[in-house]
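This report refers to the structure that appears directly beneath it.
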Amino acid sequence: MFETVIGLEVHVQLNTKTKLFCSCPTSFAEHQNSNTCPTCLALPGALPVVNKEAAIKAMKLGYAINANVNHSSSFDRKSYFYPDSPSAYQITQFTKAIVQKGEIFIDLADGTQKRIGMTQAHLEADAGKNMHDGNHSKVDLNRAGTPLLEIVSDPDMRSAAEAVAFLKKLHSTVRYLDISNANMQEGSFRCDVNVSIRPKGQEAFGTRVEIKNINSFKFVSAAIAYEVQRQTEAYEDGVYEEEVNQETRLWNVDEGVTKSMRGKEEAADYRYFPDPDLRPLIVTEEMIEAAKIMPELPDEKVKRYVEVLGIKSSDAHVITSDKEMAYYFEEMLEQGAKPKIAVTWLTSELLGRLNKAGYSIEKSPIDAKTLGALVAKISDDTISGKGGKEILDYMMENESRDIDALIDTLGLAQVSDDGAILEIIDTILASNQDKVEQYKAGKEKLFGFFVGQTMKASKGSANPGKVNELLKQRLS
Ligand code: ADP
Ligand code: MG
Ligand code: ZN
């Protein structure tokens, strides 16, 4: 029996206004090489200056994961040649990162949490992009020098599910902190997966393989499963030494396999040395203060939702897994919706409809204010749940968001007035004398029949709670 060992390295693109060492904008630019200057083009004599905003955003992550935020850290040059890096080195933090030794708690399927140690998070400059176009290759340096935070975990994960849970937690954390948009398709959240196996009970780690740049949770899972199987088979066939090397591999989406890309570089291959153009990054009091301003993070939200709002832990996890969803939920409560019913209307009624229509919560055609107001009308019995669904369906197709007006136009106001309901009940009972007799003689199942008839006669507008209550009175 083998145990899987996984450690992750995640590159998060920080959402600063300007690049890490110059004042070029990080925004999308229409023209190639327009967001550039002598510094990010690496022209001789141009000097880098550290972007304070990037440092504060890195520190924010540090505080969020209970890490040490170093008041002094430094930058090194990692030498390699590639056309998208005009300086022929990358500026990174090799000897002393700004953030070290933290922890993240991942949520497992059985509802428990597991602690994953965080080795460090360091600042580094991104490269530009090479673009291949027929026989030509072109270089666009708009991205060169944009700030990345490389976040490195300890090898603490033991399954693909744990690795995915880790990535999801980290992803939602950086989104709550608003330090990155973390869009995986656009490459602002890229992940390298390190995988090894070892016989159960053995303390020493096996040889690790690094799978580079995977851009979806699904592929992370698939790549790990493939790699674990490949390494296990090699072990069982007695060819582990030959076939499992410390190397960099790539996940091939089409074939569903990992393929060797290159042998793993050793640190020495990069000729790391301190960047002589950059002094140590010294953190000021003002920066610490700014970095410590924190939103409520997912773990704290779950705790509050469960303990204060009284909602189920599993629901709290679903809602807080995504910042947009949590904010949506909280805005519904501000509109007077009660927590438990708000959960149902958000997670099943609204999300169900959004999924069908192909919208994310961010693009929801029905905003939180409107859904909150609708749910409040259900809670106070102005309309029934069924009426609420009708309004929701109507709003998915139409512009109007005036709930009161919609209740009117769609004729959904619920009758809760005793007099009006009793009138209907009495007619129903009068025309079903035989059944009333049977009921009184002990055939209690008939109660449902009376409820159904009353609801039907009211065209569904009677408040069912009231109908039950008044029927019981009349029949006793
Ligand atoms: P490098 O920077 O060369 O990729 P690091 O020592 O920084 O190497 O480790 C990178 C990642 O590999 C870390 O996330 C770490 O947890 C993970 N890792 C280290 N050893 C193993 C192993 N035996 N199996 C799986 N992951 C490992
Ligand atoms: Mg690495
Ligand atoms: Zn620049």
Side-chain angles (χ1 to χ4, degrees), residues 2-11 16-27 29 33-43 46-51 54 76 78 80 85-87 90-95 97 100-104 116-122 124-128 140-147 150-160 162-163 166-167 170 191-199 202-213 220 223-224 227-228 231 240 244-249 261-270 272:
F2 296 93
E3 180 174 55
T4 304
V5 174
I6 301 162
L8 297 168
E9 297 163 90
V10 182
H11 287 88
T16 54
K17 284 186 266 327
T18 55
K19 293 186 179 180
L20 186 52
F21 297 113
C22 61
S23 52
C24 290
T26 52
S27 56
N33 299 304
S34 59
N35 282 353
T36 54
C37 72
T39 302
C40 54
L41 292 174
L43 300 185
L47 289 174
V49 177
V50 183
N51 179 340
D76 304 277
K78 177 180 184 178
Y80 67 93
S85 171
S87 55
Q90 177 190 32
I91 304 180
T92 182
Q93 298 195 292
F94 179 67
T95 42
Q100 289 176 314
K101 291 199 178 64
E103 58 188 7
I104 272 195
I116 306 295
M118 303 293 285
T119 317
Q120 67 174 47
H122 56 267
E124 61 186 30
D126 206 348
D140 179 6
L141 296 174
N142 281 343
R143 198 181 66 182
T146 55
E150 176 169 345
I151 305 167
V152 184
S153 86
D154 293 342
D156 285 353
M157 285 148 278
R158 295 292 174 266
S159 66
E162 289 187 10
F166 173 87
L167 287 170
L170 183 63
C191 130
D192 302 341
V193 182
N194 296 273
V195 189
S196 65
I197 59 162
R198 63 180 171 189
Q202 175 185 309
E203 211 174 308
F205 285 139
T207 303
R208 91 181 135 106
V209 154
E210 180 173 3
I211 315 163
K212 278 263 180 231
N213 265 330
V220 166
I224 292 173
E227 198 48 41
V228 167
Q231 294 180 20
Y240 183 78
V244 180
N245 305 306
Q246 186 168 334
E247 63 180 355
T248 302
R249 296 177 76 88
M261 178 168 104
R262 56 169 190 247
K264 178 74 193 163
E265 308 78 1
E266 295 296 326
D269 297 330
Y270 287 121
Y272 283 102

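Ligands are counted one by one from 1 in listed order, and the atoms in each one are counted from 1 as well.
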| Which atom pair, heavy atoms only, marks the closest approach of Glu162 to Met157? | OE1-CA, 3.5 Å
| said: Counting only heavy atoms closer than 4.0 Å, does ligand 1 sit against the backbone of Val152, its side chain, both, or neither? | reply: side chain
| said: The test is side chain to side chain contact (heavy atoms under 4.5 Å, CB included); show your working for Phe21 and Cys40 and say whether it passes. | reply: CA-CA 8 Å; Phe21 297 113; Cys40 54; over 6 Å; no
Under 4.0 Å from any heavy atom of [X], which atoms of ligand 1 are there?
| X | answer |
| --- | --- |
| Glu210 | 4 (O) |
| Leu8 | 14 (O) |
| Val5 | 24 (N), 25 (C) |
| Asp154 | 16 (O) |
| Gly206 | 23 (N) |

| What angle, in degrees and rounded to 10°, do you get at the Zn ion (ligand 3) when you join it to SG of Cys37 and to SG of Cys22? | 110°
| query | Is any side-chain heavy atom of Val220 less than 4.5 Å from a side-chain heavy atom of Leu167? | reply | yes
| Relative to each other, are the rings of Phe94 and Tyr272 parallel, tilted or perpendicular (30° and 60° limits)? | parallel
| Is there any N or O on Pro155 that sits under 3.5 Å from an N or O of ligand 1? | yes
| Below 3.5 angstrom, do we get any N/O pair linking Arg208 and ligand 1? | yes
| task | Apply side chain to side chain contact (heavy atoms under 4.5 Å, CB included) to Leu170 and Val10, showing your working. | result | CA-CA 9 Å; Leu170 183 63; Val10 182; 3.8 Å; yes
| query | With a 4.0 Å cut-off, would you call Arg249 and Glu227 a salt bridge? | reply | yes
| request: Mark yes or no for whether Asp192, through its side chain, and Glu9, through its backbone, hold a donor-acceptor pair below 3.5 Å. | output: no
| query | Between the candidates Glu9, Glu150, Met118, Arg198, which shows the shortest non-hydrogen contact distance to atom 2 (O) of ligand 1? | reply | Glu9
